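Worth saying up front: this structure is predicted, and the values here are computed from it rather than measured. Excluded from the calculations below are hydrogen atoms, water molecules and symmetry mates; all remaining heavy atoms, backbone and side chain alike, are included. Just so it is clear: chains get the letters A, B, ... in the order the sequence lines come, proteins before strands, and each one is counted from 1.
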Amino acid sequence: MSGKASSSQSSVGLSGPGGLSHVYIQYPPLQCEISGSRGLFYDDGNKLLLSPTLDQVFSWKTMPFSPLVAPTSDTISEGPILSIRYSLDAKLIAIQRSNREIQFWHRETGETFSQSCRSESESILGFFWTDCPLCDIVFVKTSGLDLFAYNSESKSLHLVETRKLNVCWYAYTHESRLVLLASGMQCKTFNGFQLSSAGIIRLPRFEMAMAKPEANSKPVLAAEDIYIITVYGRIYCLQVDRVAMLLHSYRFYRDAVVQQGSLPIYSSRIAVSVVDNVLLVHQVDAKVIILYDIFADSRAPISAPLPLLLRGLRRFNSSASRSGREDIESSEANVVSGNETITYGDEWIFLVPDLICDVASKCLWKIHLDLEASSAIAASSSEMPSVLEFLQRRKLEANKAKQLCLAIVRTIILEHRPVPMVARAMDILVTNYSHSIKTGSYLKGIKSEKTSPSTVPHVSSPSAVAEVTASRVGALEKSVQHEFAAGVDSELFNRSSTLLSSDSEDNAISEPQKTNSSDIHFFYGKVDGENLMGAETSSTDVQPTSLQHQLLGPSNNALNANAPEQQEAQLTSPAISPDQMYSFIFAPIEEEMVGDPSYLVAIIIEFLHSANSEKVKVHPNLYVLTIQLLARYERYAELGLYVINKIVEPSKEVALQLLESGRQNIQTRKLGLDMLRQLSLHHDYVLFLVQDGYYLEALRYARKYKVNTVRPSLFLEAAFASNDSQHLAAVLRFFSDFIPGFQSTSDHNTYYRILNEMNSSIAA
Amino acid sequence: MGLSSASTATEAIKLCIFDLRRGQQEGQELDKILFFFPADLPFSTQLSVIGLSEGLITFTRIFSPEAACELIEAERHSHVFYEAEPDIWMVMIVEKNESEAIWRIAALQKVLKEVHSLFLMFHGSIRALLEKEPAGGLIRAHLHPFMMDYLRDFLFGKKLLLPSFRDCLKECGTVQMLNVSREAAIEVQSLVRLLESCAGSSPCYSLILFQDLLVSTTLSPVDTINLFTYAVLRLTPRTISSGVSSWSYLRKGSTGSSVTAGYTLAHSASVPDQYYCLPDTSPSGDNNYHVVRPLKRDRWSKAKDGFLVTDIWSAEAGSSTSATPTIWLQQTEERMYLCAYQFRSLTLILVVPVASILNGEQLVSLVKQQVLENASLKMLKVEEKLSKGWGGENAYHVSGYRYLLVDVDRNVSRASPPGKVTTLTKDQVLRTVIVKGPKVGRLFPLQFSIPKVVSLACTTTANVNEVWHKKF
């Protein structure tokens, strides 16, 4: 399939059901074609894609992911490269030259030094840099772990600690700071260490389950069948059991490893990615992806298996505003069309968490989750509340998730779905909001136009999802990038806070949870170098405080990304506030709904119920709306109950609405008046009393509470209207006594004359 | 309500219902009488009572065509008039006694009004039944057992005792409400919405009681009062478990012991029907009519599934309506099925329109099933919340006071708990203290209506200020 072909196919796919997909990769990819490249390596500690040539190493930043990022290069000496990783402060380059030696290169000075195994019997399996306070780099050898600290003065490593273990192979991700060491005949016995900034934690030894094909055969677990993933700050290990065709999951706690159940697999070759805490299981042979949200206990997939979509090929050219990109664009398009873009080709290597490296065409794809599509697909198959829960957990595209949530809730209310179901949906949204308030991840920064209903994509049917226009794809992608960048640093905090809360729920969560979200996976590039060169030792001035870099790096990213589109970047949580619930759900629905309002009232009650149990304050307009609904259908008895029981919380807006609705119903009007009085809105209370003709009572009240803002003429008019000369006289006298200078006003003169006329007519 | 608890002999109270449009010819006077209590009184006596009443009505109508006679104060009796329907009058004659010089006429009228409202709810208007069968047999067959069942609540031994204001503070035609927290109120409303959704698209109503107190209603005020009255008379857990109407202060209050209550139960059950001339000896002498007796005591029971069942309606053989209880709503003039469910102290009454479905029995069982399936959990929660928030029977007691609060706008009243009545000495009872609304505002945010208090609680008009310690 050529690039052109795939482009046309994807555009066809977008408009037809064949194009349904919840996961996509966005064209263009990051091109990492370098002439003379000797393989691709991924440094997950720094999130760099590395491509060494004979005497240089090129590196591309993959975070934030941008296809336009230019590589930086460093000069290195020639020699075979088994593995290459930058130190966490990016001052050193470590290159594994052989299974016995690792060479270090100081980037600034070009000095080198090397470290090799002492014993003949052991060989180095790999290494990784760590931000553990005890050491800076860890060598994984067949005989165990060697922990070295780097001394910047002597420019050498010194051994801090050795952990003796038999190791067949190992797995490490920087994201989890967890190294798993496989041992035993079947390589299914594991020792685990977590080397985080808080220190070293040794996990209890455990065995992975493996089904036997026959009674006496013993399958050997391979390193490719193990994935360490981080989801919602929890660390899991996924293990492929090829015989049973199951993906076993294990969760790591500080002092325990707990098997968490298994997922079925449908392909002999699978790969695992994590995008925005959603687990993507690529069934490589079948070329489909199954999504799991393993937050809840449920092991059911979010939606049916669907293929990976290549999106947006050549779409950018249509956008004039991006003229700056165009030339690069077209050249890249040529590159792609020159090479084969085959999804799930043999050359694809999946990098946890969310990158795909196509080794053949030398490009790097980032996997995106299409929230709209996945929620629409999920909505058609599974329960709505679980979809909402899923969306509420999304952080990368918080704004989109939020809009989808609003649209879903609007739809289910308009469709008159059963009340308990909508109640559940309300509960999810409110709980999530209150949780996000508590953890501080909810920021009020959304401009109203961004969330205005008209711009909200309506996701009631899959076909609506398919109508994604080219321009929107572009725009979305742009915002995705920014949000992503911003999401990184917020995630640092979000994570730790969610972890804390999850701590409380199953108080055995391990240290790993404190790790931040930087992703890592090691990547075995195709090393073609057979010539092992001697290590050049050099020393460099590097500050071993890798921690500093860790803290600075992401926040710098976030700042850069924040600058252009602050509004979007601010939104880091899809939580919906009660005010927004009113403006984007209840108010629009009230306009659209016809007929008996009892359903909508029921929904509002459920919302209040959720809000009350979470102690979240509700917009007074919602109460006003409730009163309007009840009054419109003359359900005054209920209305009264709502007010008396304070289901409708007192406020001036509510009181005025009660007075308004009470025009047809005197009890309701009295409730409104009482509410005004109880709220000490004396001026309004007096005014309404006068309006209703209780001018004497109003006067008494005005005297008691020293209300002098109501015009005397109102009282006088009311008294005159009652046609009672005594009352009129009393009112006149009242003002003469209590308002200095009243006797000289025109009001006094007018009504004094009227009073005289009335008296004289009576006398006559 | 200040009815007399004086040891009035049965014959000291007379109650009659008559129609002015009937029996205008000489010799047909008996036609007028629709109901007379006691029924064993000679017709001549009955006719003389009615003749006097009719004469007075006719006479007073000359001056006041709209509201004719309300009361005759004779030397030893008071005649209380109530025009239930146009030209259909209810007259109650009670014996005066020395200790209570002034009768609480308004309260007695309200009793008449209440019994008529209940009759309307179950049977429709008297006039309609008369038109159905002009001979009058049908209406007599309905009225007699209905009135007797109602009066039986006041039966004490062989005597018919109307509770006096000393025994109770009660306002007929009002409901007593439970104070609930906002949280519980929302929970309740959520339950209400759920219940009403159980009936599908048909517009149904609900009423929720906790013990004898109203928690929520979606019915119109007038129907709420009727159904509430009936529920307190016959449906609440207390009435079902003990067979004693919780309505009456007489039984709980003045006697104040369960032993007596038990005695009352046993005794009233043992009173032979013929003594009160129940259907067999009804004046119409016609047993061909099938009459439903919704006020008959001890006929409601709680089924295993929690729904309240009764055989009152089931005997309605040959009629198109089913065994499910039905009532008429006054507001909408619709015929509705009555479904009651009880869970511990919680009583839920669901009112489903008859017209909305073809097969009533099926619909009702469907609704019941829906309620059980969807609302059980919620009811459990609501009951728990309400019980937690409820201070018990004496929750609304204000120590040292007896009070009655009436909100005339909302037809809501609240009074000192009956159990506390006996804790006051006789002197205190006589010098009842009325607490003004705002004083107990925390308990019950009601507007206090002064005219009501005077009409309810004044024993003597002469020395109001001495007797009543009004707290303003």
- Message: If only side-chain N and O atoms count, and only distance matters, is there a donor-acceptor pair under 3.5 Å linking B/Glu196 with B/Thr218?
- Response: yes

- Message: Quick check on A/Ile603 against chain B: is it the side chain, the backbone, both or neither that has a heavy atom closer than 4.5 Å?
- Response: neither

- Please determine, among B/Ala185, B/Ala184, B/Ser216, B/Ser181, the option with the most heavy-atom pairs under 4.5 Å with chain A. B/Ala185

- Query: Are A/Tyr685 and A/Tyr705 near enough that their ring centres are under 6.0 Å apart?
  - Reply: no

- Query: Regarding A/Thr411 and A/Glu415, is there a side-chain donor-to-acceptor distance under 3.5 Å anywhere?
  - Reply: no

- Would you tell me whether A/Glu653 and A/Tyr623 have side-chain atoms, one donor and one acceptor, within less than 3.5 Å of each other? no

- Nearest heavy-atom pair of B/Val215 and A/Asn645: which atoms, and what distance? O-ND2, 4.5 Å

- Task: Side chain from CB out, backbone as N, CA, C, O: work out which of these in A/Tyr642 comes under 4.5 Å of a heavy atom of chain B, or both, or neither.
- Result: side chain

- Task: Go through the atoms of A/Ile604 and report whether side chain, backbone, both or neither lie under 4.5 Å from a heavy atom of chain B.
- Result: neither

- Message: Report which part of A/Glu606 has an atom under 4.5 Å of a heavy atom belonging to chain B: side chain, backbone, both, or neither.
- Response: side chain

